[in-house]
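Before any comments, here is the structure.
The structure displayed is predicted, hence computed values, not measured ones.
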Amino acid sequence: MKQMMNHELLEVKNLKKYYPVTTGLLSQHIGDIKAVDGVSLSIREGEILGLVGESGCGKSTLGKTILRLEEPTSGEILYKGIDITRLDKKELRELRREIQIIFQDPDASLDPRMTVGDSICEPLVIHNTGDEKERTERVAELMEQVGLEAGQTSHYPHEFSGGQKQRIGIARALAVNPRLIIADEPVSALDVSVQAQILNLMMDIQEEFGLAYLFIAHDLSVIKHMAHRMAVMYLGKIVELANKKEIFDNPLHPYTEALLSAVPSLKPKGKDRILLRGDVPSPLNPPPGCHFHPRCHRVLPICRQKEPQLVEISPEHFIACHLHNTDNL
């Protein structure tokens with residue numbers, strides 16, 4: 001895996017994405033679904049940051065908001081020091097040369113009416129890159145780069161398997177030479193036998209071109225295989241962020257402990273599985289204090305009253321938990 005650089009490529013500060021909920025004929029505002037609720041994180045050049053959490057915790061919404069496929073409610077998204085949230089449509093289009101996305105479902109992300117060659121070529125056309133001959137050559141090069149035959153550019157998506165379609169999605173994301181790719185659970189819709197091939201392809205591409213990934217997944221074994229650092233998300237918030245090895249060897253947040261204990265191959269020796277109580281609360285009406293406290297096996301009285309802040313408790317290990325705030329002990 002290519003060694004990451006120390007320069008920050010992307011920095012997210014207190015990012016929020018709320019969806020208003022209305023009722024009645026007058027569309028009275030009765031609350032907000034807090035899909036992303038004050039997230040702060042950074043991604044360095046050449047780094048793979050893994051983002052994990054249960055379904056519905058806001059992982060995919062965070063990725064789409066960073067790319068402004070969803071408009072943020074508030075907060076800052078700094079790419080190379082430039083606040084993406086302040087860019088107009090023309091400036092945002094130029095930025096998307098550098099930030100691309102690989103979607104979870106390769107079937108839904110490819111237009112069945114377009115040949116795969118046209119799908120891969122589309123970003124080149126949008127960004128007015130090269131002439132027709134250069135674009136044709138670039139598409140053929142990309143097809144071969146992701147393990148497909150250049151002669152297949154005239155075929156349609158239905159002629160390919162799920163793994164091949166995701167390779168096409170990767171080729172399309174690479175077309176305009178981005179520096180950062182948001183990979184939104186790119187292997188979760190694929191057969192297990194194909195997942196490793198796609199993951200290894202993405203790692204080879206990352207090493208060859210020095211790309212940075214925000215790699216969103218719910219499978220911890222995938223994150224262990226791919227990431228340099230790891231962020232754990234719960235109900236719209238980051239609850240733990242650290243070096244991947246640090247989190248797998250020394251998980252500190254009770255939610256992180258529970259996630260790791262649920263994976264048989266990663267189960268800490270001598271420890272039983274931690275069963276979480278109940279279901280994930282609604283982001284429309286989250287619990288007061290720490291959002292995780294109704295399900296936590298180590299809850300303190302303060303957890304029900306005061307929301308913990310994400311703080312650095314050791315070099316580059318951040319956690320939002322009252323258990324590790326010495327003022328509460």
Under the side-chain hydrogen bond (donor to acceptor under 3.5 Å, both in side chains) rule, collect the residues that match up with [X], sequence neighbours excluded.
X: T73; answer: none
X: S60; answer: D184
X: K133; answer: E137
X: Q195; answer: none

Quick one: list whatever passes salt bridge (Lys or Arg N to Asp or Glu O under 4.0 Å) with [X], sequence neighbours left out.
X: K80; value: E98
X: R295; value: E54
X: R298; value: E257

task = Kindly state each residue pair satisfying ring-ring contact (aromatic ring centres under 6.0 Å, His included) with at least one member in residues 79-133, sequence neighbours excluded.
result =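 Of all non-adjacent pairs touching residues 79-133, none passes ring-ring contact (aromatic ring centres under 6.0 Å, His included).
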
message = For residues 14-54, which residue pairs pass the ring-ring contact (aromatic ring centres under 6.0 Å, His included) check, not counting sequence neighbours?
response =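 Listed once each, the pairs would be none.
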
request  = Under the ring pair (Phe, Tyr, Trp, His ring centres under 6.0 Å) rule, collect the residues that match up with H253, sequence neighbours excluded.
outcome  =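 Partners of H253 by the ring pair (Phe, Tyr, Trp, His ring centres under 6.0 Å) criterion, ordered by chain and then number, come out as F292.
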
inquiry  = Could you check whether any side-chain heavy atom of E76 comes within less than 4.5 Å of a side-chain heavy atom of E11, counting everything from C-beta outward?
reply    =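 No - every pair of side-chain heavy atoms lies 4.5 Å or more apart.
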
S282: partners by side-chain contact (heavy atoms from CB on, under 4.5 Å), with sequence neighbours left out = L284

query = side-chain contact (heavy atoms from CB on, under 4.5 Å) with N285: which residues, sequence neighbours excluded?
reply = none

message = Taking E149's backbone N and O only, do any of them form a donor-acceptor pair with Q152's side chain (distance below 3.5 Å, no angle check)?
response = yes

query = Counting distance only, does the side-chain N/O of Q100 pair as donor-acceptor with the main-chain N or O of L180 below 3.5 Å?
reply = no

